[in-house]
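Just below is one structure, and these are the notes that go with it.
In what follows, every heavy atom counts, from backbone to side chain, and hydrogens, waters and symmetry copies are set aside. Numbering starts at 1 and runs along the sequence shown.
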Amino acid sequence: MYFDRNIRILANTTIIGYTLIEMTPFQLNWNEIDDVLLDMDGTLLDRHFDNFFFEEELPRRYAALHGLQLEESRDTLMAMYRSVEGELAWIDLHYWTRRVGIDVVAMTKELDHMIGFLYGAEEFLQHLRQLGKRVTVVTNAHESGVAIKVAKTGLDRHVDRIVNACEVGYLKMRPEYWPNCARLLGFDPTRSLYMDDDEGCLIAAKQFGVAHLIHSAKSSSHLPPAPLTQFLSVTGFSPLFNGRPVI
């Protein structure tokens, strides 16, 4: 699944922010792929919800609860996030409820109107069904958050299974995740495609030997694309089934 693409500054370029990036066509050989492993937030679902939730709304409510200025509250929470980054507590909504004194599960339900698919995601999932691929969502998200997002979007109707990190025992950026996940799901990494917006997760999957790796460069509808150089980066789903140029 890994495509080696070197970014070159040429006449045939497009401007993304202040970076000139060559448009490079490619074609997946779906005959080489049995399992499609897809991240949820930032790949299938719009990460704008999560960014707003953890960087804006939770700091605002924490500030009101503790009598802090918004920036002070945001800095405090960011330090809390970093203190458990890479651990299961990082994604555990019940852990955060206890730590910040705010019911974050209830907050997620309250703000579920912001939860939705990224543009083209549902069509891509339908296309995978037509191809007869086994499709699994592999997410770091906590099971409580997954349940709310599934209820809002109907994501489970499009895929064979949704696996959260607690089921595997590790987060996806940890090397221990991938052999555990392979045993749980029974996929052959040499005949699997994995798509994620997180570089660390893609690196861990590559080290395990997942053959086809795709980076979701447009994780939020409210942010510009953020392509990577060492993985094939796409800004949407159409390149994955019709060979249009990607960034």
Answer yes or no: does atom OH of Y81 have more than 12 heavy-atom neighbours from other residues, nucleotides or ligands under 6.0 Å?
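More than 12 heavy atoms, drawn from other residues, nucleotides or ligands, come within 6.0 Å of this atom.
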For residues [X] and [Y], determine if any side-chain heavy atom of one lies less than 4.5 Å from a side-chain heavy atom of the other.
| X | Y | result |
| --- | --- | --- |
| L45 | K152 | no |
| L38 | L125 | yes |
| N140 | M173 | yes |
| Y95 | L88 | no |
| L240 | M195 | yes |
| R183 | V168 | no |
| V105 | I148 | yes |
| L65 | S73 | no |

Interatomic distance, [X] atom [atom1] to [Y] atom [atom2] [nearest 0.5 angstrom]:
| X | Y | atom1 | atom2 | value |
| --- | --- | --- | --- | --- |
| R157 | Q126 | CZ | CD | 10.5 Å |
| L232 | S216 | CG | OG | 11.5 Å |
| L58 | I102 | CG | CD1 | 5.0 Å |
| T136 | L185 | OG1 | CG | 5.0 Å |
| L193 | K133 | CG | NZ | 10.0 Å |
| H158 | T153 | NE2 | OG1 | 7.5 Å |

Hey, mind stepping through V84 and D92 against side chain to side chain contact (heavy atoms under 4.5 Å, CB included) and telling me if it holds?
CA-CA 10 Å; V84 292; D92 187 337; over 6 Å; no
Considering non-hydrogen atoms only, spot the tightest contact between [X] and [Y] and give its length.
| X | Y | answer |
| --- | --- | --- |
| M80 | Y62 | CE-OH, 3.3 Å |
| L118 | K218 | CD1-O, 3.8 Å |
| R174 | G86 | NH1-O, 3.4 Å |
| V138 | L37 | CG2-CB, 4.1 Å |
| F208 | A182 | CZ-CB, 3.8 Å |
| R191 | N31 | NH2-O, 2.8 Å |

Checking side chain to side chain contact (heavy atoms under 4.5 Å, CB included) for the pair C201/Y194: CA distance, chi angles, key distance, verdict?
CA-CA 10 Å; C201 297; Y194 170 50; 3.3 Å; yes
Quick check against the 3.5 Å criterion: does [X] have a side-chain atom that pairs as donor or acceptor with the backbone of [Y]?
| X | Y | answer |
| --- | --- | --- |
| W96 | A89 | yes |
| E167 | N164 | yes |
| R161 | D156 | no |

May I ask you to check whether W178 and Y170 place their ring centers less than 6.0 Å from one another?
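Here the rings of Y170 and W178 have centres that are no less than 6.0 Å from each other.
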Do the side chains of E57 and R60 get close enough for a salt bridge, i.e. N-O under 4.0 angstrom?
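Salt bridge present between E57 and R60.
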Does any pair with a residue in residues 35-49 pass side chain to side chain donor-acceptor pair (under 3.5 Å), and if so which ones, sequence neighbours excluded?
D35-R134, D39-T43, D39-K172, D41-K149, D46-S221, R47-D197
Kindly indicate, with the supporting measurements, whether the criterion side chain to side chain contact (heavy atoms under 4.5 Å, CB included) is fulfilled by D34 and D188.
CA-CA 8 Å; D34 297 324; D188 177 355; 5.7 Å; no
Under the criterion side chain to side chain donor-acceptor pair (under 3.5 Å), I'd like the reasoning laid out for H94 against S144: C-alpha separation, chi angles, the key distance, then a yes or no.
CA-CA 9 Å; H94 301 306; S144 297; 3.1 Å; yes
Identify whether L131 and V135 are in the same connected component of the hydrophobic contact network (ILVMFWY, side-chain heavy atoms under 4.5 Å).
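Both belong to a single hydrophobic cluster.
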Test of understanding: clusters of I, L, V, M, F, W, Y form through side-chain heavy atoms closer than 4.5 Å, transitively. Do M78 and M107 belong to the same one?
yes
Please assess E123 against F237 for the test side chain to side chain contact (heavy atoms under 4.5 Å, CB included), listing each intermediate value before the final yes or no.
CA-CA 8 Å; E123 291 78 6; F237 295 94; over 6 Å; no
When the side chains of residues 109-117 are checked against the rest of the protein, which donor-acceptor pairs come out under 3.5 Å, sequence neighbours left out?
residue: E110; atom: OE1; partner: R61; partner atom: NH1; Å: 3.0
residue: E110; atom: OE1; partner: R61; partner atom: NH2; Å: 3.4
residue: E110; atom: OE2; partner: R61; partner atom: NH2; Å: 2.7

